[in-house]
Peer 1: 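One structure, as structure tokens, below. Some questions next.
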Amino acid sequence: MDVVTPDTELWTRLTEYWRLMGAELAAVLLACVAGGAISALMWAAGYATGSPKLISRGKWGLVGSVVAAMFSAGLSPLYGWVISIFS
């Protein structure tokens with residue numbers, strides 16, 4: 001009779017992957033905060049100089065930074081779901 005042993009190599013790789021994913025999420029969120037700060041400065045500079053084009057770009061940059069942060073934080077649970085489907 002053959003004895004079947006489970007392949008545990010996948011689980012060791014997954015733990016390493018989850019650790020890297022946390023670092024990736026931190027880097028993405030830091031980039032979103034930096035983009036939001038730059039956009040807020042653009043918005044303020046546009047308001048101070050009376051430039052409607054700069055005001056608009058600052059507002060849209062700030063909205064884009066917030067949406068990107070929400071998207072990146074919401075995307076991380078899907079990684080495990082995709083891995084479980086393809087493994």
Side-chain angles (χ1 to χ4, degrees):
M1 175 187 290
D2 292 333
V3 176
V4 178
T5 58
D7 184 17
T8 59
E9 184 179 337
L10 174 67
W11 296 111
T12 58
R13 288 186 184 182
L14 282 179
T15 56
E16 180 69 21
Y17 176 74
W18 289 117
R19 187 183 63 79
L20 289 175
M21 189 177 68
E24 173 192 351
L25 181 62
V28 168
L29 290 178
L30 185 62
C32 289
V33 168
I38 291 170
S39 297
L41 288 174
M42 285 177 55
W43 187 357
Y47 186 76
T49 61
S51 173
K53 188 174 184 180
L54 197 58
I55 292 172
S56 176
R57 291 191 182 195
K59 285 181 184 179
W60 281 109
L62 194 58
V63 168
S65 296
V66 170
V67 169
M70 289 178 3
F71 182 74
S72 66
L75 192 62
S76 62
L78 293 178
Y79 290 151
W81 179 71
V82 170
I83 288 173
S84 68
I85 287 177
F86 290 117
S87 63

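From a predicted model like this one, the values you see are computed outputs, not experimental measurements. Positions are given from 1, in the same order as the sequence printed here.
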Peer 1: May I ask whether Leu62 and Tyr47 are part of the same hydrophobic cluster, defined by side-chain heavy atoms of I, L, V, M, F, W, Y residues being less than 4.5 angstrom apart, directly or through others?
Peer 2: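 Yes, one cluster joins them.
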Peer 1: Can you list, by chain and residue number, the hydrophobic cluster partners of Leu41 when the side-chain cut-off is 4.5 Å?
Peer 2: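 None; Leu41 is a cluster of one.
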Peer 1: Which donor-acceptor pairs under 3.5 Å do the side chains of residues 64-72 make with protein atoms, sequence neighbours left out?
Peer 2:
from, atom 1, to, atom 2, distance (Å)
Ser65, OG, Gly36, N, 3.2
Ser65, OG, Gly61, O, 3.0
Ser72, OG, Ala68, O, 3.2
Ser72, OG, Ala69, O, 3.1

